[in-house]
*Asks:* 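This structure is in structure tokens; I'll ask about it shortly.
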Amino acid sequence: MMNIVITGASKGIGFETALSLAGNSRNHVIALSRDAQGLARLAKAAADKGYNNLSTYPANLLNLTAKDVQDIFAEYKQVDVLVNNAGILINKPFAETTIEDWQSVFNTNLFATVNLVQLLLPYMSHNELSHIVNIGSMGGFTGTSKFNGLSAYSASKAALGNLAETLAEELKEYNIRVNCLALGSVNTSMLQDAFPGYKAPVDSADMAKFIAYFCQQAHHFINGKILPISVTTP
Ligand SMILES: NC(=O)c1ccc[n+]([C@@H]2O[C@H](COP(=O)([O-])OP(=O)(O)OC[C@H]3O[C@@H](n4cnc5c(N)ncnc54)[C@H](OP(=O)(O)O)[C@@H]3O)[C@@H](O)[C@H]2O)c1
């Protein structure tokens, strides 16, 4: 049995990835996010498909404590895969952004991820290979097209990618592999905040299948990498 933790599972890419991961009966999926109703929809979608290997926990990653993690993970003992998918986006011209905007984006996209990884490290398996996957963005990938209004978001995603590279080095000795997927555009509510009216060529259910495959298999071949996953952004 592989225990897989995924954050930001109440909607969008995280919702579909959690569902896709639960499609493998050898997985147990532990889905986190704040919106209890969204998590209830996820639990129902899984139950409708006959999956009984998905648990949901409403949690705000911004103030997750060691006690919360103890309560949630006591019954699992071991975590094999962590998908850091939760994220927020602020779409505002750089000159209008406040330091609070920057802090808010970095608090969720980077610092909450750092906190969760630190809290989960004692639970991550060391005997078998385990895998941490950060969900980054093409906006945070060096050399790609950049877009107005996304400076704080893109910078936070660049940091998340760099964190995957450095963590991969530090966690080598524990058999934990770390990668970052720099996603291109996927049809979700976040994409509509970034690019109102734009229809991406990829839907969240399709991207979810790729992420699910990647986080279960890719660590046997890939470590410390930031991979662009895009059919559009140059
Ligand atoms: N869509 C795209 O085109 C695209 C492209 C590149 C990268 N990405 C990345 O892919 C990931 C998923 O994006 P999406 O498009 O699916 O976005 P979304 O539909 O807005 O979903 C974001 C998820 O993050 C969760 N979240 C946000 N703040 C949280 C917090 N403090 N604590 C717990 N959960 C929190 C939200 O859940 P609650 O509100 O319930 O907490 C929600 O489930 C993000 O990291 C995003 O940056 C998306």
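For ligands, and for the atoms within them, numbers begin at 1 and follow the listed sequence. What you see below is based on every heavy atom in this structure, not just the backbone, and it leaves out hydrogens, waters and symmetry mates.
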*Asks:* Near Ala9, which atoms of ligand 1 are under 4.0 Å from a heavy atom of that residue?
*Replies:*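 By the 4.0 Å cutoff, the relevant atoms are 43 (O).
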
*Asks:* Using every non-hydrogen atom in the two residues, find where Leu116 and Leu61 come nearest and quote the distance to one decimal.
*Replies:*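 Closest pair (atom of Leu116, atom of Leu61, distance): CD2-CD2, 4.4 Å.
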
*Asks:* Determine, using heavy atoms of Tyr153 and all atoms of ligand 1, whether some pair is separated by less than 4.0 Å.
*Replies:*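 It does, in that a heavy atom of Tyr153 comes within the 4.0 Å cut-off of ligand 1.
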
*Asks:* Using a 4.0 Å cutoff against the non-hydrogen atoms of Asn85, which atoms of ligand 1 qualify?
*Replies:*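 Reading through ligand 1 atom by atom, the close ones are 10 (O), 11 (C), 12 (C), 44 (C), 45 (O).
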
*Asks:* Quick one, Thr188 and Lys11 - any side-chain contact, counting heavy atoms below 4.5 Å?
*Replies:*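 The answer is no; the side chains never approach within 4.5 Å.
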
*Asks:* Classify the contact between Ser204 and ligand 1 as side chain, backbone, both or neither, using a heavy-atom distance cut-off of under 4.0 Å.
*Replies:*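 The answer is neither; Ser204 stays 4.0 Å or more away.
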
*Asks:* So, do Val5 and Tyr123 sit near enough that their side-chain heavy atoms are less than 4.5 Å apart?
*Replies:*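 Side-chain contact under 4.5 Å: no.
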
*Asks:* Have a look at Gly12, Gly184, Ser137, Gly87 and point out the one with the heavy atom closest to atom 5 (C) of ligand 1.
*Replies:*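 Of the listed residues, Gly184 has the closest heavy atom.
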
*Asks:* Are Asp101 and Lys92 ion-paired here, with the side-chain N under 4.0 Å from a carboxylate O?
*Replies:*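 Yes, this pair counts.
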
*Asks:* Heavy-atom distance under 4.5 Å between the side chains of Asn63 and Thr65, does that happen here?
*Replies:*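 No - every pair of side-chain heavy atoms lies 4.5 Å or more apart.
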
*Asks:* May I ask you to identify the nearest protein heavy atom to atom 28 (N) of ligand 1, giving residue, atom name and distance to one decimal place in Å?
*Replies:*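 Scanning the protein heavy atoms, the shortest distance from atom 28 (N) of ligand 1 goes to Arg34 NH2, 3.2 Å.
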
*Asks:* Heavy-atom contacts under 4.0 Å between Thr108 and ligand 1: side chain, backbone, both, or neither?
*Replies:*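 For Thr108, only side-chain atoms sit under 4.0 Å from ligand 1.
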
*Asks:* Would you say the side chain of Met207 lies within less than 4.5 Å of the side chain of Leu183, judging by non-hydrogen atoms?
*Replies:*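 Leu183 reaches Met207 side chain to side chain.
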
*Asks:* Which of the atoms in ligand 1, numbered in the order shown and given with their element, are less than 4.0 Å from a heavy-atom of Leu61?
*Replies:*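 Matching atoms, with element in brackets: 30 (C), 31 (N), 32 (N), 33 (C).
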
*Asks:* With a cutoff of 4.0 Å, is Ala182 in contact with ligand 1, counting heavy atoms of the residue only?
*Replies:*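 It does not, in that no heavy atom of Ala182 comes within the 4.0 Å cut-off of ligand 1.
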
*Asks:* Does ligand 1 have any atom that is closer than 4.0 Å to a heavy atom of Met138?
*Replies:*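 Contact absent.
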
*Asks:* Counting from 1, what ligand 1 atoms have a heavy atom of Ser189 closer than 4.0 Å?
*Replies:*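 Contacts of ligand 1 toward Ser189, numbered from 1: 19 (O), 20 (O).
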
*Asks:* For atom 6 (C) of ligand 1, state which one of Leu32, Thr7, Leu183, Leu39 supplies the nearest heavy atom.
*Replies:*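 Heavy atom nearest to atom 6 (C) of ligand 1 belongs to Leu183.
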
*Asks:* Considering Asp193, Ile88, Thr188 one by one, which has a heavy atom nearer to atom 14 (P) of ligand 1 than any of the others?
*Replies:*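 Looking at heavy atoms only, Thr188 sits closest to atom 14 (P) of ligand 1.
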
*Asks:* Should Gly38 be listed as contacting ligand 1, given a heavy-atom distance under 4.0 Å as the test?
*Replies:*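 No, that is not the case, since the closest heavy atom of the residue is not under 4.0 Å from the ligand.
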
*Asks:* Between Ala86, Ala194, Ala36, flag the one that comes closest to atom 26 (N) of ligand 1 by a heavy atom.
*Replies:*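 Looking at heavy atoms only, Ala86 sits closest to atom 26 (N) of ligand 1.
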
*Asks:* Contact between His126 and Ile176 at the side-chain level, heavy atoms closer than 4.5 Å - yes or no?
*Replies:*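 Result yes, sub-4.5 Å side-chain heavy-atom pair found.
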
*Asks:* Are any of the side-chain heavy atoms of Gln216 and Ile4 separated by less than 4.5 Å?
*Replies:*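 With C-beta onward as the side chain, the pair touches.
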
*Asks:* Within a strict 4.5 Å, meaning less than it, do heavy atoms of the Ile30 and Ile72 side chains meet?
*Replies:*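 The answer is yes; the side chains approach within 4.5 Å.
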
*Asks:* For Ala59, is the nearest heavy atom under 4.0 Å from an atom of ligand 1?
*Replies:*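 Heavy atoms of Ala59 do come under 4.0 Å of ligand 1.
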
*Asks:* Does ligand 1 have an atom under 4.0 Å from some heavy atom of Ser185?
*Replies:*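 Flag set, Ser185 near ligand 1.
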
*Asks:* If I apply the N/O under 3.5 Å rule, does Leu191 come out as touching ligand 1?
*Replies:*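 In this structure, Leu191 places no N or O atom under 3.5 Å from an N or O of ligand 1.
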
*Asks:* State, with a plain yes or no, whether a side-chain heavy atom of Tyr76 is found less than 4.5 Å away from one of His28.
*Replies:*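 Side chain of Tyr76 against side chain of His28, heavy atoms only: contact under 4.5 Å found.
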
